[in-house]
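Heavy-atom basis, side chains included; hydrogens, waters and symmetry copies ignored. Sequence lines set the chain letters: A, B, ... in the order given, protein chains first and strands last, and positions in each chain run from 1. Remember, it's a predicted structure, so these values are computed and weren't measured experimentally.
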Number of protein chains: 2
Amino acid sequence: MRWDEIGELRCSVARSLSVVGDRWTLLILRDVFLGVRRFEDLQRNLGLTRHLLAERLRKLEEHGVLLRVRYRERPARYDYRLTRKGVDLYPILLSLVRWGDRWMADDLGPPMQVVHQTCGRVIAPALQCPECGGNLTAPDLRVELA
Amino acid sequence: MRWDEIGELRCSVARSLSVVGDRWTLLILRDVFLGVRRFEDLQRNLGLTRHLLAERLRKLEEHGVLLRVRYRERPARYDYRLTRKGVDLYPILLSLVRWGDRWMADDLGPPMQVVHQTCGRVIAPALQCPECGGNLTAPDLRVELA
DNA sequence: TTAGATAGTTCTAATTAGGAACTTAATAGT
DNA sequence: ACTATTAAGTTCCTAATTAGAACTATCTAA
């Protein structure tokens with residue numbers, strides 16, 4: 001099976017990964033979430049080839065994750081904005097941050113911290129059960145066919 | 001910049017992706033979470049090449065995400081178990097499931113459902129603030145240098 | 001003695017990624 | 001008028017990775 005066929009599987013992990021699961025894509029989205037919107041800035045920041053960046057941005061646009069917006073006429077200049085579908089990827093990035101903070105940090109500690117603006121506190125975002133409020137860890141959960 | 005250098009960046013997203021951010025790795029881990037532990041079964045289930053599977057498993061073992069366990073002597077046979085570090089990847093998979101359910105589902109609806117065994121209910125795992133209990137969405141959060 | 005199970009390795013061809021230079025269009029400076 | 005700069009890509013060539021298939025090794029059961 002080739003990688004580009006995994007989106008056809010009846011599996012939400014596979015389908016999500018078919019959009020964001022290749023090299024660079026989530027790093028590009030990290031930058032977009034941090035406010036970087038332009039091709040040049042993304043390329044400079046991430047250091048990936050312009051070729052690849054163009055290809056990934058096109059794919060994200062096709063999937064409706066980013067919107068290519070003309071921010072200046074003459075010469076035509078475009079930048080990239082998150083759609084609703086794109087903004088909704090945030091929990092994926094946050095869970096990557098959390099895992100990296102916990103398991104990949106060096107002795108300088110976590111590079112960034114997350115502030116919950118509603119309550120003003122520095123937090124470590126965690127999954128919770130929306131029904132009972134309990135913390136969610138792997139052994140608490142069972143996955144079954146819907 | 002080459003992909004294999006991103007783990008050296010001072011960024012928890014980049015560091016996490018240097019471990020699980022390539023094609024197939026998170027799909028392999030999905031299967032391991034669902035109880036598939038053996039090389040043959042993973043290969044059959046996922047349909048990736050044996051070559052790549054071996055390489056990915058080796059890398060996950062090196063990173064301490066999986067443990068290669070001899071489950072039979074003579075002939076020596078091994079399977080793969082999640083370490084604590086590996087189990088802790090669960091929120092990443094769950095957030096991928098959530099996004100796929102919401103944005104990539106077909107008319108058959110989400111393929112699987114998650115049951116919180118502690119309270120017995122079918123849930124959609126969501127990030128919540130451990131301090132105030134509020135739901136976490138991108139606009140509520142600010143990320144800053146630690 | 002032949003087939004099957006298990007966990008890989010090896011080989012070649014096809015695809016993808018990396019690096020650098022080029023394009024187009026407008027503006028600002030000299 | 002000429003040159004440099006900004007911006008968003010494209011094009012071309014080479015290097016690395018992936019896909020697909022076959023092969024290896026070891027033991028068990030028929």
Could you tell me whether the side chain of A:Arg77 has a donor or acceptor atom within less than 3.5 Å of a complementary atom in the base of D:dA7? yes
By nearest atom, which of the nucleotides D:dA19, D:dG9, D:dT10 is closest to the A:Arg2 side chain? D:dA19
Measure the distance from CG on A:Leu57 to P on D:dA8 and round it to the nearest whole Å. 10 Å
What I want to check is whether an N or O donor and acceptor connect the side chain of B:Arg50 with the base of C:dA7 at under 3.5 Å. yes
Residue whose nearest DNA chain D nucleotide is more 5′ - A:Glu5 or A:Arg23: A:Arg23
Rounded to the nearest angstrom, tell me the gap between atom CZ in A:Arg44 and atom P in D:dA7. 7 Å
Heavy atoms under 4.0 Å, any strand shown: does B:Phe39 hit a base, just sugar-phosphate, or nothing? base
Checking the side chain of A:Ser16 only, and the main-chain atoms of A:Ser12 only, is there a donor and an acceptor separated by less than 3.5 Å? yes
Checking B:Trp99 side chain against A:Lys85 main chain: does a donor-acceptor pair fall under 3.5 Å? yes
With side chains defined as the heavy atoms from C-beta onward, is the minimum distance between B:Arg58 and B:Arg56 less than 4.5 Å? no
Could you tell me how far apart B:Asp41 (CG) and C:dG4 (C1') are, to the nearest whole angstrom? 15 Å
Run the side chain to side chain donor-acceptor pair (under 3.5 Å) check on B:Thr118 and B:His116 step by step: do they pass? CA-CA 5 Å; B:Thr118 312; B:His116 187 210; 3.2 Å; yes
Rounded interatomic separation in angstrom, taking CG from B:Leu53 and C1' from C:dG8: 10 Å
Do you know which two heavy atoms are closest between A:Ile6 and A:Met1, and how far apart they sit? CG2-SD, 4.2 Å
Rounded to whole Å, the CZ-C1' distance (B:Arg74 to C:dA7) equals 17 Å
Could you tell me whether B:Arg68 contacts a base, only the sugar-phosphate backbone, or nothing, with contacts defined as non-hydrogen atoms closer than 4.0 Å? sugar-phosphate
Can you tell me which nucleotide in C:dA7, C:dT10, D:dA7 comes closest to the side chain of A:Glu40? D:dA7
Counting any heavy atom closer than 4.0 Å, what does A:Arg72 reach on the DNA or RNA strands: base, sugar-phosphate only, or nothing? nothing
Give one of base, sugar-phosphate or nothing for B:Arg56, where a contact means two heavy atoms less than 4.0 Å apart. sugar-phosphate
